[in-house]
Amino acid sequence: MSISVSGISKYYGEQKALDEVNFSIKKGEIVGFLGPNGAGKSTLMKILTGYLEPSEGEASVNGFSVKDNLIKAQRSVGYLPEHNSLYTEMYVREYLAFNASLYKTDKSRIEKVIQETGLTPEANKKINQLSKGYRQRVGLANALLHDPEVLILDEPTTGLDPNQLVEIRDLIKKTGEEKTIFLSTHIMREVEALCERVIIINKGKIVADKKLSELRDENRQVIEVEFDYRIEEEALHRLPYIVSVRNVYDFVYELSFDNPKDMRPVVFDFAHDNGLKTLQLNRKNKNLESLFAELTAVPAPEGGV
Ligand code: ADP
């Protein structure tokens with residue numbers, strides 16, 4: 001296994017930021033780690049890269065325990081932190097050479113990573129002269145310097161403009177042909193563009209771990225319905241094949257069914273039988289977005305609509 005996480009919990013004082021997290025990632029996989037802000041993504045990534053110790057549990061990278069064999073684990077992993085802090089007064093090549101000497105990396109890697117990350121035209125510029133997209137490339141080049149087996153990227157495209165975003169995604173995808181990549185994001189499209197598998201975290205707990213292909217083929221069906229008046233969610237839970245009910249806003253509900261058959265007529269009849277009028281009734285494809293919404297929804301206040 002490239003990454004193995006077993007029973008990891010992390011407390012910050014009283015607060016439980018990670019709650020018995022378990023998963024493993026095989027060599028060569030590109031896995032998206034998706035969750036709302038504050039879900040615990042950065043905390044787990046810091047544990048995997050040895051910047052934080054877990055309160056409970058075990059983790060290993062490339063077979064090396066981050067507790068018992070940290071140096072070897074760190075040698076196996078390239079890390080691009082969320083706030084990629086670079087020495088901005090340094091020139092690109094100088095900065096990479098400095099880090100290579102610090103970590104006693106083979107000097108031939110410097111030119112190789114400059115070329116691989118498309119930094120050749122910028123290599124003699126000062127880092128503070130570079131755009132945000134190119135600074136991210138410097139961060140990636142730095143993470144790749146010691147030719148690690150595993151790359152851990154914490155929100156690698158946050159703050160980039162649309163063109164830079166596409167370029168960095170392409171670069172990550174290319175890098176993923178040879179390495180295991182575990183990347184965090186709160187952008188669902190990023191996962192769809194890059195990853196084969198997604199792990200969703202909410203409030204410190206893993207709430208889904210799925211292959212994207214599974215998600216696309218899933219039997220589930222999502223229907224969005226708008227009634228002219230409120231209905232107790234409990235009543236909606238009595239619909240056949242219903243899996244979940246989400247109150248989107250006002251009298252609009254998103255209903256998930258575990259049945260591929262078109263459930264719209266059933267919902268229409270249900271409304272009629274309950275004295276409601278149906279103002280809208282749309283079938284939506286089950287996708288990452290609806291799964292994410294379902295799994296990370298903030299519960300409606302008690303007694304609410
Ligand atoms: P994410 O990366 O998903 O946004 P984080 O791992 O940064 O989430 O944070 C998870 C939770 O832990 C949040 O509630 C955050 O406020 C809290 N947290 C993170 N770092 C610290 C810290 N150094 N001290 C106290 N609480 C922290």
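Here the structure is a predicted model, which is why all the values come from computation and not from measurement. Note that ligands are numbered from 1 as they come in the structure, with each ligand's atoms numbered from 1 the same way. Residue indices begin at 1 and follow the sequence shown.
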J.: Let's go through Glu233 and Arg246 carefully: what are the C-alpha distance in whole Å and the side-chain angles of both, what is the deciding distance for salt bridge (Lys or Arg N to Asp or Glu O under 4.0 Å) to 0.1 Å, and is it a yes or a no?
T.: CA-CA 8 Å; Glu233 286 189 22; Arg246 189 167 72 90; over 6 Å; no
J.: Write out the residue and atom name of the closest protein heavy atom to atom 7 (O) of ligand 1, then the distance separating them to 0.1 Å.
T.: Ser42 CB, 3.8 Å
J.: In terms of atom number and element, which parts of ligand 1 are under 4.0 angstrom from non-hydrogen atoms of Asn37?
T.: 4 (O)
J.: A side-chain contact here means heavy atoms from C-beta on lying under 4.5 Å apart; do Glu89 and Ile127 qualify?
T.: no
J.: Ala39 heavy atoms, cut-off 4.0 Å: which ligand 1 atoms fall inside?
T.: 1 (P), 3 (O), 8 (O)
J.: Run the salt bridge (Lys or Arg N to Asp or Glu O under 4.0 Å) check on Asp154 and Lys41 step by step: do they pass?
T.: CA-CA 8 Å; Asp154 197 353; Lys41 303 181 295 295; over 6 Å; no
J.: Should the proximity of Ser184 to ligand 1, defined as any heavy atom under 4.0 Å, be assigned to the side chain, the backbone, both, or neither?
T.: neither
J.: So which of Lys10, Glu155, Gln15 gets nearest to atom 15 (C) of ligand 1, if we judge by its closest heavy atom?
T.: Gln15
J.: Can you tell which of Gly204, Ala17, Gly38 gets a heavy atom nearest to atom 1 (P) of ligand 1?
T.: Gly38
J.: Is a side-chain donor or acceptor of Asp250 paired with a backbone partner of Val252 at a separation under 3.5 angstrom?
T.: no
J.: Is there a chain of hydrophobic side chains (I, L, V, M, F, W, Y, each step under 4.5 Å between heavy atoms) that links Phe182 to Ile30?
T.: no
J.: Within a distance under 4.0 Å of any heavy atom of Pro36, pick out the atoms of ligand 1 and give their elements.
T.: 3 (O)
J.: Which is closest to atom 19 (C) of ligand 1 by heavy-atom distance: Phe33, Tyr12, Tyr11?
T.: Tyr12
J.: Taking the six-membered ring of Tyr134 (Phe, Tyr or Trp), confirm whether the NZ or CZ of Arg137 is under 6.0 Å from its centre and within 45° of its axis.
T.: yes
J.: So do the side chains of Asn142 and Leu86 get within less than 4.5 Å of each other, counting heavy atoms only?
T.: no
J.: Suppose we measure from atom 8 (O) of ligand 1 to each protein heavy atom; which comes out shortest, and what is that distance?
T.: Gly40 N, 3.1 Å
J.: What's the shortest distance from atom 5 (P) of ligand 1 to any protein heavy atom, and which residue and atom give it?
T.: Thr43 OG1, 3.7 Å
